[in-house]
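Below: one structure, written as structure tokens.
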Number of protein chains: 2
Amino acid sequence: MAKKKSGRVTLQQVADHAGVSRATASLIVRNSPSISEATKKKVQASMEELGYVYDRIAANLRSQSSSTIGVVVTDFANPYYSEFLTGVHHQLEEEGYTVFLATTFDSDTKQDKLLSTMLEHRVGGVILCPVSDNSPATVEKIRQWNVPIVTAVREIPELHCDYVGINYKKGVETAIDHLIENGHTRIAFLGGLSDSSAWKKRFEGYRAAFEKAGLAADESLIFQSALTREGGAEALDESLKHKHPPTAVFCFNDLVAFGVMQRMRELNLHPGTDLSVVGFDNVLEAATFYPPLTTVESFPKHIGINAANLLHKRIKDPAREEERIILEPELFIRASSGRR
Amino acid sequence: MAKKKSGRVTLQQVADHAGVSRATASLIVRNSPSISEATKKKVQASMEELGYVYDRIAANLRSQSSSTIGVVVTDFANPYYSEFLTGVHHQLEEEGYTVFLATTFDSDTKQDKLLSTMLEHRVGGVILCPVSDNSPATVEKIRQWNVPIVTAVREIPELHCDYVGINYKKGVETAIDHLIENGHTRIAFLGGLSDSSAWKKRFEGYRAAFEKAGLAADESLIFQSALTREGGAEALDESLKHKHPPTAVFCFNDLVAFGVMQRMRELNLHPGTDLSVVGFDNVLEAATFYPPLTTVESFPKHIGINAANLLHKRIKDPAREEERIILEPELFIRASSGRR
DNA sequence: ATTATATAGGACACCGCTTTCACGTCAAAA
DNA sequence: TTTTGACGTGAAAGCGGTGTCCTATATAAT
């Protein structure tokens, strides 16, 4: 905690210097219309001269308002979230908010702590990419606390609030369709933990695609793992031990897919010919990876922009109907997948 | 700006509920030693029951302190900064700070605006990765404003303050040494703008390596560009138009190198055999790119951790001597570079 | 029993700004 | 000249805490 003695020029000092009252000066910083040009100029000159800096904190305290937004993601080393955050930031700064950013590193307790901290800091709203779907204590707290909150990317089923995400089921379905069309029937599902809603939704798509094609999904080809490159590599290893190994793999996200393809390189397997690989997210790296990754675009930046917009709307009108924005994913076919 | 009526449980209410004075309750939240266990328990129970949330903002206002730190980077879509931020965050949260994060997108005016906003929000300190080295108005303002500030990654020469970076000159030198050892003499320098200190320092290393080897650097092989993949691709194009094209390229950073190698793929040129490519930063992607990129490790996460530490130290002791931490870079030789 | 000494807890001002409300001023309307 | 009313301004009370000072009670020492 920084201790900062003095230094701060106050509105009172400005007012004294300009020969007006503090209240008048206050109206000027907020450029109220009912102030004559002359006094306005005069006071502004004083501000300039004294090097006045508006104290938003004090102002917010008095006016019971907030100009900050808390944004919580699970990991910003993941390029997916970098893009998401770019969207969020861009939009929020446009609206004049300042952003508290934090990472949960996929820890529920961390998430709890962060949300509490943000509450203590009087955030005007929260954009949350939840760690998991079991809504923990703090999420509930936020609710009863009626801080405007928007969830994004992942959803908390019991929590009724604005949400922005994509149609995961549909996304996975098109990916699997693509593999089936290319003659694959043994398609592994790699990465993620089956107790998360994000996983379940993807799995629905996986299963649906098989059903639609009149095939049965082989659940012994499901290999869970952490959502990292290492996780992907390990999941691939497991899948290859299968007595009847897959000819294609669908990966929970691109990061997992990168891990898979790295491991394949080490094993001298070529993505697209020896084994088809499909990812999910279409992060920038997907197109530039070698070989380029077939993946499902999930518009992280758009999700970010929409989440920011939704939050802004809710702040302006807390009573409005909850809104859900579900973007439609899009398959990008690249070299990592091919005919069986 | 969010307007939030009521809702907030105040310390006064807690005190009333527990039958003590507000001051006593205040001492308890700050766990002062001079409070009996009994009253402490009692008041804490009331807090629990009423759902009290500490108002850090109000507390900071009164105590003239701050628990927030502003962090300004140029672009967090760049994995380099993702890693940097991971370091910063990890460290600062350890110390109990909350982070305001913002991106300048390499715009000076944006940087000015962001710093002002942070001042208005009473940040206790700032970690700044400057856009450029011409210290603009606001940086000067911050100084006279005596908010503790640490610069990182890039340096502002006229600004005397704590700094964390790496030895760019040395880093580039070892990279060029490596290329020269492999028989290259026509080595292009791609990316960056020559008016930044970051560029100049790298260029010093570039020139020094040639001198050391008794060779002359050919300045017609310098191609400036934006620090993006696209910039890299364009710079490569330019360099290949040279009447006597390079056999190796040194890229300002990994992002530029990725752009270069992508373009090479399109041109059917193979990094490491047709043209050696060396990057700078060693972001995670460098090792997994195909072909893996020879690059200079610049420890972004470490820089972040150190910057956070330095800031923390400065906040605790504003009068201390300014400190400069210069990490020594390290060359990672991979497949993108080879014998001429 | 009396004085000395902690020690818990209360009263009150204050951080820098906003807000309410009342007051003074001057122009136009009566 | 008086009334009306806009308009600009000032005084004072907070917003939710902290810091300082001061009192009441308990305990120990004499």
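Here is how names work: the chains are called A, B, and so on, in the same order as the sequence lines, proteins then strands, and each is numbered from 1. Because the structure is predicted, anything quoted here is derived from the model rather than measured.
For B:A59, whose side chain is taken as the heavy atoms from C-beta onward, the closest listed nucleotide among C:dT19, D:dG17, C:dG9 is D:dG17. Minimum atom distance to the side chain of B:R122 is reached by C:dG16, of the listed D:dG17, C:dG16, C:dT18.
Between A:K113 and B:E93, none of the side-chain N atoms (NZ, or NE/NH1/NH2) sits under 4.0 Å from a carboxylate O, so this pair counts as no salt bridge. With respect to the salt-bridge test (charged N to carboxylate O, under 4.0 angstrom), the residues B:R154 and B:D106 qualify. Between B:E95 and B:K316 there is no salt bridge, since no side-chain N of the basic residue sits under 4.0 Å from a carboxylate O of the acidic one.
Between A:L119 atom CG and D:dG17 atom P the separation is 13 Å, expressed in whole Å. Between B:D55 atom CG and C:dC15 atom P the separation is 18 Å, expressed in whole Å. Rounded to whole Å, atom P of C:dC14 lies 13 Å from atom CD of A:Q12. Atom-to-atom, CG of A:L61 to C1' of D:dG14 comes out at 9 Å; the value is rounded to the nearest Å. When rounded to the nearest whole Å, the span between NZ of A:K42 and C1' of D:dG8 equals 11 Å. Rounded to a whole Å, the CG atom of A:L11 is 10 Å from the C1' atom of C:dT18. In this structure, B:R62 atom CZ and D:dG17 atom P are separated by 14 Å, rounded to whole Å. Rounding to whole angstrom units, CD1 of residue B:I57 and C1' of C:dG16 are separated by 13 Å.
Taking only distance into account, the side chain of A:R30 never meets the base of C:dT18 through a donor-acceptor pair shorter than 3.5 Å. Side-chain atoms of A:R22 stay outside donor-acceptor range of the base of D:dG10, with no qualifying N/O pair under 3.5 Å.
A:S26 and A:R22 form no side-chain donor-acceptor contact under 3.5 Å, judged by distance and modelled atom types alone. Inspection of the A:T68 and B:H121 side chains reveals no N or O donor paired with an N or O acceptor under 3.5 Å.
Each end of the helix from C:dA1-D:dT30 to C:dA30-D:dT1 gets its own axis, taken as the rotation carrying the C1' atoms of four end pairs onto the next four within a five-pair window, and the two axes meet at 50° to the nearest 10 degrees.
Relative ring orientation between B:Y97 and B:H312 is described as perpendicular, the plane-to-plane angle rising above 60° on a 0-90° scale split at 30° and 60°.
Taking only side-chain nitrogens and oxygens, A:S26 never comes nearer than 4.0 Å to OP1 or OP2 of C:dT19. Applying the 4.0 Å criterion to OP1 and OP2 of C:dG9, one finds that B:S36 has a side-chain N or O inside that range. For C:dG10, the OP1/OP2 oxygens have a side-chain nitrogen or oxygen of B:S21 closer than 4.0 Å.
Between A:A23 and B:V53, the one whose closest nucleotide on DNA chain D sits nearer the 5' end is A:A23. Positionally, the nearest nucleotide of DNA chain D for A:T24 lies more toward the 5' end than for the other of A:T24 and B:T10. Judged by closest nucleotide on DNA chain C, B:A25 is the one of B:A25 and B:A58 placed further toward the 5' end.
Remark: A:T24 engages A:S21 in a side-chain hydrogen bond (donor to acceptor under 3.5 Å, both in side chains) (not counting sequence neighbours).
Screening A:I127, A:V153, A:I305, A:N306 for a side chain to side chain contact (heavy atoms under 4.5 Å, CB included) involving A:V164 leaves a single residue, A:N306.
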